[in-house]
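Report on one structure; see the data block that follows.
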Number of protein chains: 2
Amino acid sequence: MSSTYGDQMTTIRDVAKQAKVSTATVSRVLNNSEKVRSATRDRVNEVIRELNFIPNAAAVGLQRKKTKTVGLIFPDASAYYFAEIIQGINRHLSQNDHQILISSAHDEAEEIKIINGFVRGGRIDGLIMMMPSANGNNGFRIPLAYKIPEVFISCEINAPRSTTILLDNYNAAKEMVEHLSKLGHKRIAFIHGGEHNYDAHERYRGYMDGMKACPADEELNLVVMGNFTESSGFQATLELMKRKPTPTAIFAANDAMAIGAIEAARALKLRVPADLAIVGFDDISSAAYMDPALTTVHVPLRRLGHLAAEAMLKNLKTNLADRTTEKIIIPLQHIIRRSCGSE
Amino acid sequence: MSSTYGDQMTTIRDVAKQAKVSTATVSRVLNNSEKVRSATRDRVNEVIRELNFIPNAAAVGLQRKKTKTVGLIFPDASAYYFAEIIQGINRHLSQNDHQILISSAHDEAEEIKIINGFVRGGRIDGLIMMMPSANGNNGFRIPLAYKIPEVFISCEINAPRSTTILLDNYNAAKEMVEHLSKLGHKRIAFIHGGEHNYDAHERYRGYMDGMKACPADEELNLVVMGNFTESSGFQATLELMKRKPTPTAIFAANDAMAIGAIEAARALKLRVPADLAIVGFDDISSAAYMDPALTTVHVPLRRLGHLAAEAMLKNLKTNLADRTTEKIIIPLQHIIRRSCGSE
DNA sequence: TATTCGAATGTAACCGATTACATTTTTTGA
DNA sequence: TCAAAAAATGTAATCGGTTACATTCGAATA
């Protein structure tokens with residue numbers, strides 16, 4: 001059985017021999033660490049280029065105990081949402097000579113197993129976790145045992161010396177309710193995204209507090225549980241419109257459910273926004289092209305990824321003792337379009 | 001500066017010492033390679049569990065010249081589309097004890113540099129490339145120089161001993177035209193996705209050949225270039241409706257552009273499908289929830305990813321000499337909804 | 001020109017696993 | 001019971017780099 005690299009594996013020894021220096025010198029040139037006479041450096045670089053030599057990552061990793069790789073743990077759902085974030089992360093990391101190693105699983109036990117394997121196997125230098133279903137209370141404490149930098153996205157783990165990046169879901173949701181309220185709506189329903197999802201829960205909290213501040217008709221229960229999919233938004237809306245009195249506005253915890261809600265309104269022969277205002281959250285690319293165009297909250301996913309990568313790179317450069325515990329909250333902007341009846 | 005692993009790095013020597021055997025025996029237990037007396041095996045496994053030992057990936061990789069990692073090269077665009085594929089790939093690979101290393105860049109030179117670094121640096125055992133803009137003619141020959149398994153998605157590189165996975169865009173597009181034709185349409189326009197995109201081009205070919213077979217009013221040029229975004233579909237439709245005679249149906253090369261087209265029709269006060277039929281391609285999750293629900297071609301992205309992973313794992317087990325050149329074509333299914341006026 | 005000293009370079013141990021080969025232990029059979 | 005064969009285990013070289021320490025070189029100074 002032939003080797004993976006076949007006969008093309010070039011080692012530092014090949015370079016050393018051809019440049020008539022020791023491997024130590026080649027290594028020094030590679031890492032421009034100590035002083036190397038410029039004539040020697042040029043000669044070595046010439047050979048490196050000639051042989052198309054690239055140091056073996058495993059050998060470097062073994063010695064340095066660094067892999068230039070960041071692990072990414074993401075839930076196995078909602079591809080679009082996570083893909084944008086990952087792109088943001090990857091863009092910034094690869095510009096800084098780092099790679100990402102991805103894993104995803106919904107089963108939390110499996111998740112922990114994977115993380116453990118990554119870290120203890122020395123595969124990664126740092127860990128970026130997006131686990132909206134994890135919080136400090138449900139036993140997700142494993143990462144804290146490690147000493148590698150950790151960045152958490154959309155979950156409140158509260159691990160010391162880690163960086164947490166959150167969206168300001170709460171305020172954005174609250175303001176959205178206030179906006180609907182200002183338009184005269186009193187019976188504003190909410191389609192939840194899932195009890196155990198951090199973002200969904202924060203949006204729900206914002207909705208609830210927003211409602212408290214509004215002059216409401218009466219004590220209403222206008223919250224229905226969805227699961228972030230179009231079809232759940234559709235079902236939830238059908239469900240909501242059976243209640244008496246019926247809501248005059250629906251706030252869906254994400255755009256996909258808002259799309260389902262619009263479709264349900266249509267099935268019920270209700271005009272949006274005249275009979276029923278509908279707003280979402282996320283500002284997915286098609287939101288502007290819905291009928292009616294969807295009022296929503298813009299979530300800068302790539303920027304979120306960029307911030308995560310930035311925090312990771314910073315922590316990677318800082319030794320454990322000097323790392324601080326940080327929480328970055330991204331303010332969110334409303335996008336008022338036609339579906340709320342504002343224009 | 002403390003080590004990445006801090007004091008928690010457990011080595012095979014620690015295990016050997018505690019189990020009172022040599023490192024060779026521990027290694028044999030780990031790889032259940034040769035025979036080990038079961039009493040010894042149990043004792044070693046016990047210690048491994050006790051110490052939570054996981055072999056250092058770099059050390060294993062250095063020795064074995066295998067990383068259990070597959071490189072993924074994807075274009076830096078259309079997150080949703082690629083995310084679904086990546087999920088499909090990842091799901092299957094991680095079930096088989098492999099990880100993925102992702103990279104993406106639009107600049108082809110940078111792309112080649114990254115691939116080269118991955119392969120020559122021994123970071124990956126195999127390469128899955130999705131480069132719709134690459135084809136055998138535009139110089140994308142680098143990968144052929146390597147001996148690791150290669151799987152290409154949506155591009156025709158024709159590298160020997162590699163596996164290529166393609167969607168049957170051509171036939172699906174042709175059949176879509178035939179479907180529209182059967183509904184009585186004679187002036188069917190096409191919104192292209194990009195000249196250099198493989199999928200877009202195949203869909204275009206299918207459209208053209210479908211048109212040839214249809215009884216057309218006259219020699220029409222009803223093709224406009226888009227770029228797979230909603231806004232380009234919007235613009236393209238505005239453009240198309242200025243032509244005389246105006247098209248009665250629009251076939252967009254993907255759903256996003258079809259969404260833009262529907263919105264444009266609306267802006268022009270045209271009813272869909274009564275005044276203008278509009279169909280797409282991809283079957284994104286919101287397609288069923290558009291108004292009108294979008295007729296399109298379903299593209300099984302996760303399955304595509306799964307097939308790519310499967311092919312990769314198979315090739316990984318086969319040595320170079322025994323690998324065959326394979327081309328897998330995935331047949332595509334139409335989803336007839338309301339936007340084509342069929343119901 | 002000889003001496004000194006810092007800069008440049010080389011030597012070899014090491015990172016943590018695997019594995020060919022050597023050695024020890026156990027089993028088998030006469 | 002003991003020699004021979006088979007099985008289990010150990011020893012040490014190795015993978016391809018990095019780096020502490022040793023050595024050599026060259027320039028500056030006397």
Side-chain angles (χ1 to χ4, degrees), chain A residues 1-44 47-48 51 53-68 117 119-123 125, chain B residues 1-44 47-48 51 53-68 117 119-123 125:
Chain A
M1 165 112 178
S2 71
S3 129
T4 300
Y5 317 109
D7 40 10
Q8 37 197 341
M9 160 88 93
T10 307
T11 74
I12 200 173
R13 265 166 259 274
D14 300 329
V15 176
K17 189 184 295 175
Q18 186 150 338
K20 300 201 198 311
V21 293
S22 71
T23 61
T25 298
V26 178
S27 178
R28 282 188 273 253
V29 170
L30 285 170
N31 304 293
N32 23 284
S33 48
E34 299 159 59
K35 285 270 162 291
V36 175
R37 187 186 313 236
S38 77
T40 311
R41 176 179 302 275
D42 292 347
R43 185 152 38 93
V44 171
V47 175
I48 287 173
L51 300 181
F53 169 72
I54 289 178
N56 179 280
V60 176
L62 178 57
Q63 177 66 235
R64 285 254 180 90
K65 296 186 188 326
K66 288 274 181 268
T67 60
K68 300 240 175 200
V119 178
R120 303 202 67 91
R123 280 182 175 279
D125 297 343
Chain B
M1 163 115 175
S2 71
S3 129
T4 300
Y5 318 110
D7 41 11
Q8 37 196 340
M9 160 87 92
T10 307
T11 74
I12 200 171
R13 263 166 262 274
D14 300 328
V15 176
K17 189 184 294 176
Q18 186 151 337
K20 300 199 198 313
V21 293
S22 71
T23 60
T25 298
V26 177
S27 177
R28 283 188 273 253
V29 170
L30 285 170
N31 304 293
N32 19 285
S33 47
E34 299 159 61
K35 284 272 162 293
V36 175
R37 190 186 313 242
S38 76
T40 311
R41 176 181 301 275
D42 292 348
R43 185 152 38 93
V44 171
V47 175
I48 287 174
L51 300 182
F53 168 71
I54 288 178
N56 180 279
V60 176
L62 178 57
Q63 177 64 236
R64 285 255 179 88
K65 300 190 186 320
K66 288 272 180 271
T67 60
K68 299 239 173 201
V119 178
R120 304 203 67 92
R123 281 181 175 277
D125 297 343

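Chain naming here is simple, since letters A, B, ... match the order of the sequence lines and numbering starts at 1 in each.
Atom-to-atom distance recorded for A/Lys35:NZ and A/Arg28:CZ is 12.5 Å, nearest 0.5 angstrom.
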(request) Heavy atoms under 4.0 Å is the rule here; annotate nucleotides 13-20 of chain D 5' to 3' with B where the base is hit, S where only the sugar-phosphate is, and - elsewhere. (result) -BBBBBB-

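Judged by distance alone, with hydrogens and angles left aside, the side-chain atoms of B/Thr67 form no donor-acceptor pair with the main-chain N or O of B/Gly61 at under 3.5 Å. Between the side chain of B/Asp14 and the backbone N or O of B/Thr11, at least one donor-acceptor pair lies under 3.5 Å. For the pair B/Asp125 (side chain) and B/Lys68 (backbone), a donor-acceptor distance under 3.5 Å is present.
When all heavy atoms of B/Ala58 and A/Leu62 are compared, the closest pair comes out as CB-N, 3.6 Å. Looking at every heavy atom in both residues, A/Thr10 comes nearest to B/Arg120 through OG1-NH2, 3.5 Å.
On the nucleic acid side, DNA chain C has its first and last nucleotide under 4.0 Å of a heavy atom of chain A at C/dA8 to C/dG16, going 5' to 3'.
Residues passing the side-chain contact (heavy atoms from CB on, under 4.5 Å) test with B/Val26 are B/Ile12, B/Val15, B/Ala16, B/Val21, B/Leu30, B/Val44, sequence neighbours excluded.
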